[in-house]
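Report on the structure given below.
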Amino acid sequence: MTKLTLPFSEEKIRALKVGDAVEITGVVFTGRDAVHKYLFKGGELPPEVNLQDGIIYHCGPVVIKDEADRWKVVAAGPTTSIREEPYQGQIIGQFGLRAIIGKGGMGEGTLAACREHGCVYLHAIGGAAQVLAEKITAVRDVYLMEKFGSPEAIWELEVQDFPAVVTMDSHGNSLHREVLAASTAALQARV
Amino acid sequence: MKVLLDSLIELIRRTSAEIPDDVQKVILASLEREKQGSIAESALKIIEQNIELARRKSQPICQDTGSVLFYVDAPIGLDQVAFAETAREAVRAATAKGYLRQNSVDSLTGRNDGTNVGPGAPTLHFHQHRGEELRVRLMLKGGGCENVGAQYSLPNTKLKADRDLDGCRKVILDAVLQAQGKGCGPGVLGVCIGGDRATSYEHSKEQLLRKLDDTNPVPELDALERDVVKTANELGIGPMGFGGTTTLLGTKIGAINRVPASYFVSVSYMCWAFRRHGAVLAADGAISAWLY
Ligand code: SF4
């Protein structure tokens with residue numbers, strides 16, 4: 001298991017290979033459908049949001065205010081990433097992302113951008129809402145809340161030892177592609 | 001109705017926060033089988049931790065609390081209209097308490113009024129019987145796994161699937177292959193052979209009400225269930241599609257009559273976050289026994 005602390009250097013990311021388990025510590029930003037479309041169409045990031053050498057987490061967290069009026073994450077599992085495929089490649093290059101966290105994997109466009117710019121796709125455990133929420137130690141801020149609403153906003157989160165698996169690396173390898181090919185062949189031998 | 005209302009709210013809470021024992025047992029057994037230090041093993045470990053944490057904190061196992069599906073076995077004479085009204089009220093209350101996420105959207109306007117109550121939501125299936133007992137089961141069916149369900153019309157040329165059990169086997173395994181890890185595997189399949197399109201899918205979901213360790217009373221179907229699980233677990237798809245030996249936790253298959261012109265095989269995929277519980281209700285609506 002590899003421990004990764006944000007921000008990430010290109011060298012550190014290039015050293016990761018498909019199948020590596022990682023634990024991430026540092027500040028991550030969430031972004032899902034609305035944010036990706038907005039950035040792709042030329043929308044500007046709020047000045048406080050710096051994605052350079054950082055992470056976008058495909059997640060629409062459930063966040064409430066506690067008694068002391070502080071944000072608290074109740075559930076924060078990954079959402080299906082493939083919906084961002086049309087936008088992801090450009091956003092990786094434009095903002096200098098080093099990693100995407102999501103679930104289900106992404107396509108060839110993202111894989112090519114990971115290779116070109118030195119970025120990886122990290123697969124979190126789908127459905128593990130409680131475990132993953134516990135890895136979020138603080139909510140720092142939220143941006144574009146009025147524009148997109150709570151689940152679609154950009155949340156700035158501090159995470160500690162957030163577990164994920166590298167399923168697409170910066171060398172053109174995809175675990176999703178490999179497993180699909182191997183399982184297709186295995187099934188052909190059994191029907 | 002207050003007692004019934006409280007019972008249904010408790011049923012929703014328990015279903016959302018606690019995996020049934022029969023499912024957890026199989027998850028634990030598969031954790032033993034995965035190779036030590038593999039990513040499949042670590043995925044299952046996180047799943048196991050999540051199950052424990054949700055139970056302890058009495059919070060949703062997964063943030064997608066799914067479609068809310070009630071299955072009611074009703075004695076003759078039950079006022080189904082009143083029962084349905086109470087069930088809707090229970091869903092509203094459980095949503096306000098956070099046992100269910102605000103998860104129901106108007107399909108035309110995209111509006112989410114935050115109650116989880118609307119046309120088709122929740123869904124109630126009533127089955128009358130001649131006994132005295134009132135039994136209510138609840139399934140919370142997540143969206144990600146629902147999206148990888150599939151219906152096949154046999155014969156299927158591409159899969160070389162004829163109208164026989166071997167053809168059924170081929171299409172069921174194709175559904176597993178197509179799903180990969182996208183339905184948050186390891187999953188459980190509910191399958192129906194036969195019926196019209198709608199009845200077939202409905203029946204496939206009802207198969208998921210069976211306990212994972214039961215035995216299909218039809219020997220051919222029992223053999224097919226075991227074969228599908230064994231073969232699927234040899235494909236190397238694994239938890240989350242990471243590779244590994246646990247692709248399916250179980251398969252339950254039923255058959256209903258069809259018309260000569262049709263031969264449907266319907267597959268419903270349930271994710272590892274398998275949320276179903278059920279209770280026997282006393283005459284006053286109180287829970288007298290749990291079913292799982
Ligand atoms: S498929 Fe199941 S575990 Fe995965 S996100 Fe949906 S409800 Fe949760």
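Within every chain, numbering begins at 1; the chains are lettered A, B, ... in the order of the sequence lines, protein sequences first and strands thereafter. FYI, side chains are in, hydrogens and waters are out, and symmetry mates aren't considered; it's all heavy atoms of this structure.
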Original post:
Counting only heavy atoms not in A:R14, do more than 12 sit closer than 6.0 Å to its CZ atom?
Top reply: yes
**OP:** Could you check which of A:G19, A:G127, A:G60, A:G105 has the highest count of heavy-atom pairs closer than 4.5 Å to chain B?
**Re:** A:G127
Subject >> Contact check, side chains of B:F242 and A:L175, non-hydrogen atoms, under 4.5 Å >> reply: yes
Original post:
If you take all heavy atoms of B:G241 and A:V179, which pair is closest and at what distance?
Top reply: O-CG2, 3.6 Å
Subject >> B:C62, part contacting chain A, at a heavy-atom distance under 4.5 Å >> reply: both
Original post:
Is A:E44 atom CD crowded by more than 12 heavy atoms from other residues, nucleotides or ligands, each under 6.0 Å away?
Top reply: no
Subject >> Side chain, backbone, both or neither of B:P60 within contact of chain A (heavy atoms, under 4.5 Å) >> reply: both
Original post:
Heavy-atom distance under 4.5 Å to chain B: side chain of A:V74, backbone, both or neither?
Top reply: both
Original post:
Is atom CD of A:E11 surrounded by more than 12 heavy atoms (other residues, nucleotides or ligands) closer than 6.0 Å?
Top reply: no
Original post:
For A:Y38, which residues count as a ring pair (Phe, Tyr, Trp, His ring centres under 6.0 Å) partner, sequence neighbours excluded?
Top reply: A:F148
Tell me which donor-acceptor pairs, judged by distance alone and kept under 3.5 Å, run between chain A and chain B, one pair per line.
from: A:G77; atom 1: N; to: B:Q63; atom 2: OE1; distance (Å): 3.1
from: A:G77; atom 1: O; to: B:Q63; atom 2: NE2; distance (Å): 3.2
from: A:G126; atom 1: O; to: B:W272; atom 2: NE1; distance (Å): 3.0
from: A:A129; atom 1: N; to: B:N50; atom 2: OD1; distance (Å): 3.4
from: A:Q130; atom 1: N; to: B:N50; atom 2: OD1; distance (Å): 2.8
from: A:Q130; atom 1: NE2; to: B:Q59; atom 2: OE1; distance (Å): 3.4
from: A:Q130; atom 1: NE2; to: B:P60; atom 2: O; distance (Å): 2.7
from: A:V131; atom 1: N; to: B:N50; atom 2: OD1; distance (Å): 2.9
from: A:E134; atom 1: OE2; to: B:K57; atom 2: NZ; distance (Å): 3.3
from: A:S183; atom 1: OG; to: B:Q180; atom 2: NE2; distance (Å): 3.0
from: A:R190; atom 1: O; to: B:R169; atom 2: NH1; distance (Å): 2.9
from: A:R190; atom 1: O; to: B:R169; atom 2: NH2; distance (Å): 3.0
from: A:R190; atom 1: NE; to: B:E234; atom 2: OE1; distance (Å): 2.7

Subject >> Selection from A:G126, A:A75, A:A186, A:A189 maximising heavy-atom pairs under 4.5 Å formed with chain B >> reply: A:G126
Subject >> A:P151 versus chain B, the contacting section by heavy-atom distance below 4.5 Å >> reply: neither
**OP:** Provide the closest heavy-atom pair for A:V131 versus B:I46 in the form atom of the first, atom of the second, distance.
**Re:** CG2-O, 3.7 Å
**OP:** Could you tell me which portion of A:A76 (side chain, backbone, both or neither) has an atom closer than 4.5 angstrom to a non-hydrogen atom of chain B?
**Re:** backbone
Subject >> Side chain, backbone, both or neither of B:A273 within contact of chain A (heavy atoms, under 4.5 Å) >> reply: neither
**OP:** To the nearest 0.5 angstrom, please state how far the CG atom of A:L180 sits from the CD1 atom of B:I237.
**Re:** 8.5 Å
Original post:
Who among B:I51, B:L159, B:I61, B:I47 has the most heavy-atom pairs with chain A under 4.5 Å?
Top reply: B:I61
